Amino acid sequence: KKNNNALLRYLLDKDDTK
Amino acid sequence: PPDIPEVILKLLQLEPDEAQVKGRIVACLQQEQGKGRHERLSTFGLMCKMADQTLFSIVEWARSCIFFKELEVGDQMKLLQNCWSELLVFDHIYRQLQHGKEQSVLLVTGQEVDMSAIAAQAGSILNTLVLRAQELVLHLHSLQVDRQEFVCLKFLILFSLDVKYLENHALVREAQEKANAALLEYTAGHYPHCADKFRQLLLRLAEVRALSMQAEEYLYHKHLSGEVPCNNLLIEMLHAKRT
């Protein structure tokens, strides 16, 4: 579970509403 | 004067707003320092937090980067897992190049730290790493690395061909080739008196890689000793390659 890099995936996937 | 290659012009446009990045990181660290005495981080812990926050900015930059944004998330993750520490080290090195002082280090927060203070307070391994980085800064300074070359080199770090099991290996290769061609064209055109600048720059990039690998090992060792704040991007990236 430690190395599925969830935070990185979230940061790359997230939608920016600018 | 010769043109600047299109790829480099685009990369220059994508450079983050330094003041904005600095402001965000300073605010974050100030929030840390506002915590109660028992929760407050050590100096080393603060440095880790600073690196962690810098990583966030690096990921933001990569996301909007040409070619990178065409990749699927899986490939994006593989590229960043491969080069995150290199990008951090390179970011630090370029900051020192702009800072232009051998005897002090400029942090992303704008704070200046004397090399003598680092020698006195940091352990020997960290001190050695910082000194090696300063050496690299000197080398790059003598090569007269400019901002156009910096953004191109940063891009080359991200689009490393070392990465295996990519879905879209072809796109990564194309990005590498375009960036290499742009850097060659740029250095040859703007520094004709500087023989072989292109190859010299790539040699220094290899040194950045070597230094970042050492830095990662050091950080991992500190993590195993319980000295690195947990549950953050820095720790995640550190673990990503260490199953």
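Below, read A as the first sequence line, B as the second, and so on, with proteins coming before strands; counting in each chain starts at 1. Just the heavy atoms: all of them, side chains too, but no hydrogens, waters or symmetry mates, feed the values below. For clarity, every value in this text was computed on a predicted model and none was experimentally measured.
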query: About how many Å separate CG of A/Leu7 and CG of B/Asp52, when rounded to the nearest 0.5 Å?
result: 8.0 Å

- prompt: Would you call A/Tyr10 and B/Leu233 a side-chain contact if the rule is heavy atoms closer than 4.5 Å?
  reply: no

message: If you count every heavy atom of other residues, nucleotides or ligands that lies below 6.0 Å from B/Gln98 atom CD, does the total exceed 12?
response: yes

task: Give a yes or no on whether B/Gln33 atom CD has more than 12 heavy-atom contacts from other residues, nucleotides or ligands under 6.0 Å away.
output: yes

message: Counting only heavy atoms not in B/Asn231 (residues, nucleotides, ligands), do more than 12 fall under 6.0 Å from its CG?
response: no

- prompt: Take atom NE2 in B/His99; do more than 12 heavy atoms of anything else shown fall under 6.0 Å from it?
  reply: yes

message: Out of the candidates B/Glu60, B/Gln76, B/Glu72, only one should pair with A/Leu12 under the side chain to side chain contact (heavy atoms under 4.5 Å, CB included) rule; please name it.
response: B/Gln76

message: Show the nearest heavy-atom pair for residues B/Glu236 and A/Leu8, with the distance to one decimal.
response: OE1-N, 3.2 Å

field: Over 12 foreign heavy atoms within 6.0 Å of NZ, B/Lys222
entry: yes

field: Residue selection (most heavy-atom pairs with chain A, distance under 4.5 Å) from B/Lys69, B/Met77, B/Met237
entry: B/Met77

field: Proximal component of B/Leu80, with respect to chain A [non-hydrogen, under 4.5 Å]
entry: side chain

